[in-house]
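A quick write-up on the structure given underneath.
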Amino acid sequence: MDLLSEKFLGYEPVHIEELIGKKGKTQGTMRDVEIEKVKEYAGEDADITLQLKNVFTPMLKTKEVEKVFNEVENPLVQVLVDMEYEGIRIDEEFLKEYSKELEKDAKKAEESVYKQAGVRFNLASPRQLGEVLFEKLKLDPSARKTKTGQYQTGEDVLLKLAAKGNDIVENILIFRELTKLKSTYVDALPQLICKRTGRVHTTYGQAVAVTGRLQSNNPNLQNIPVRTERGKEVRKAFIPRDNKHILLSADYSQIELRIVASISGDKNMCEAFREGTDIHTATAARVYNVDEKAVTKEMRYKAKSVNFGIVYGQGAFGLADNLGISRTEAKEIIDNYKKQFPGIQKYMDDTINFAREAGYVETLMGRKRWLRDINSANFTVRGFAERNAINSPIQGTAADMIKLAMYKVHTAMKKAKMQSKMLLQVHDELVFDALKTEVKELKPLIIENMQTAMKLPNKVPVIADCGEGKNWLEAH
DNA sequence: AGAAGTCTCGC
DNA sequence: CAAGCGAGACTTCTT
């Protein structure tokens, strides 16, 4: 059954109450919602019992995990149902216009590529593109191939070719960007606008992502472009329900790094957060052993990359590749980092050792992730599990925190009898349709509840910021 | 028609 | 070999 069509294509939405267990169902309310989601995810004929067992077995094994179920997941069900039901309004006309513009400019870039290559082919095919770039034009004699024998033509590869002055590559990158925006967002979103509500209604997966994060599909509203200028335009299409409302966006500041500092207990990083200075600048000052005022843009940029890499278990090779620096320099930076933040290194070692003994890692709330490969004899396989071990407690604790916050905010809004609605969650961000007359009261309500949803150990402060505007881009 | 592979969007 | 978690468009191969 398609939850979306049942909800909005003329049927009375009574089944929602059934789903959330208001009619005498005291047990397994979340399971009922999840059955629908599993069906959507795995297909109508999926073995639901088996799927659900896989989903909930890790959660029901110990008292700590029952806590995650009882305090985080079950209360969240109603919040998610409300958000999905509400949906977010889309400026269809704007997207239709933008689509024409993208079409025109993509075509232009495409024709330029064919002219420069001296041959017409399917530019949307990585395989054909690779053959043109590396066999016909011979742009890079040492071009690397994928495991299936075709040339790699990913953005990183193309950017390196562009840096060597290959004009054709610029147009390929433009073509890729514009066709991506057009097909995935600009043309796809209008098709998902519900006729009856005039809005798009995403579906959230509550027990799909292994770390405890939410997942959004049909449409995925957790990957709307924001990085490039032409990508940002898409966000202008997400608008308030009417002129009495505005969009409001509240997001956690550096939440994953704060959690790293907190659960590792690293003195220097905890202190940096308590001081309230910019964390990447503070990191650069330590790694390069200079005063914070002497930190250059480049130093900060590199420190930022290390901070993110740490969260993912990245090594010297990955950092060098990412920053385009030598492996020697990358190793030097990482060694300095570990010296300056010894608690971080200890956290990584301790976490991997714990996982080897226990077979799992867990978040501050006790959410578990099982790691069956953590003792594998295979270097590569074990390496993956070790990076999972480092990352999961961090990503998962952030997920626990915002899930708790969502319930708290939702409850507080109901208690204050507000008409404003929570619409979207994007991992560290919540988006609201805010009645203009409620904004003044709503903003502090959101920020206060987000910041106090979960107390972090070692006195690491949690900060949330809030913006508003006539579309999602302005609010962000 | 569906699976696999590649690529790109977000946090 | 080498950076975590996702969705989804498109091409190409398999059934």
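Below, chain A is the first sequence line, B the second, and so on; all start at residue 1.
Looking at K403(A), its side chain does come within 3.5 Å of a backbone N or O of G212(A) through a donor-acceptor pair. Between the Y360(A) side chain and the R372(A) main chain, no donor and acceptor come within less than 3.5 Å of each other. Although no hydrogens or angles enter the test, the distance criterion places a donor-acceptor pair under 3.5 Å between the side chain of N458(A) and the main chain of S262(A).
Between dC9(B), dG10(B), dA2(C), one nucleotide has an atom nearer to the side chain of R327(A) than all others, and that is dA2(C). Closest to the side chain of D428(A), from the set dG5(B), dC11(B), dG4(C), is dC11(B). Relative to the side chain of V210(A), the nucleotides dC7(B), dG5(B), dG6(C) differ in distance, and dG6(C) lies closest. Taking every side-chain heavy atom of E177(A) into account, dC9(B) is the closest of dC9(B), dA2(C), dC11(B). Side chain of T380(A), nearest nucleotide from dC1(C), dG4(C), dC11(B): dC1(C). The N391(A) side chain lies nearest to dG4(C) when the options are dC7(B), dG6(C), dG4(C).
Taking 4.0 angstrom as the limit, T211(A) places none of its side-chain polar atoms (N or O) nearer than this to OP1 or OP2 of dG4(C). Contact between the side-chain N/O atoms of R382(A) and the OP1/OP2 oxygens of dC1(C) is not found at any separation under 4.0 Å. Under 4.0 angstrom from either OP1 or OP2 of dT6(B) there lies at least one side-chain N or O belonging to T148(A).
The two atoms that bring I239(A) and K236(A) nearest to each other are CG2-O, 3.6 Å, heavy atoms only.
Taking the C1' atoms as reference points, dT8(B) lies 23 Å from dC1(C), given to the whole Å.
Near DNA chain C, meaning a heavy atom under 4.0 Å from it, residues 465-476 of chain A has no residue at all.
Residue contacts for R387(A): at a heavy-atom cut-off of 4.0 Å it reaches the sugar-phosphate backbone alone, with no base atom in range. Among the atoms of the strands shown, none is found under 4.0 Å from any heavy atom of Y252(A). Within 4.0 Å of E256(A), counting heavy atoms only, lies no atom of the nucleic acid at all. No contact: S392(A) has no heavy atom under 4.0 Å from any strand.
Legend: residues meeting salt bridge (Lys or Arg N to Asp or Glu O under 4.0 Å) with R300(A), ordered by chain and number and at least two apart, are D278(A). For E92(A), the side chain to side chain donor-acceptor pair (under 3.5 Å) partners two or more places apart in sequence, or in a different chain, are K96(A). For F238(A), the ring pair (Phe, Tyr, Trp, His ring centres under 6.0 Å) partners two or more places apart in sequence, or in a different chain, are W472(A). Applying the salt bridge (Lys or Arg N to Asp or Glu O under 4.0 Å) rule to R286(A) yields no partners; only residues at least two apart in sequence or on another chain are considered.
Taking the six-membered ring where the residue is Trp, the centroids of Y312(A) and F308(A) are separated by 6.0 Å or more.
For R227(A) and dC9(B), a side-chain-to-base donor-acceptor distance below 3.5 Å is absent, hydrogens and geometry of angles not being considered. The base of dG6(C) does not come close enough to the side chain of Q222(A) for any donor and acceptor atom to sit less than 3.5 Å apart.
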Where along nucleotides 8-15 of chain C does protein come under 4.0 Å, by heavy atom, of base (B) or sugar-phosphate alone (S), with - for untouched nucleotides?
-> BSSSSS--
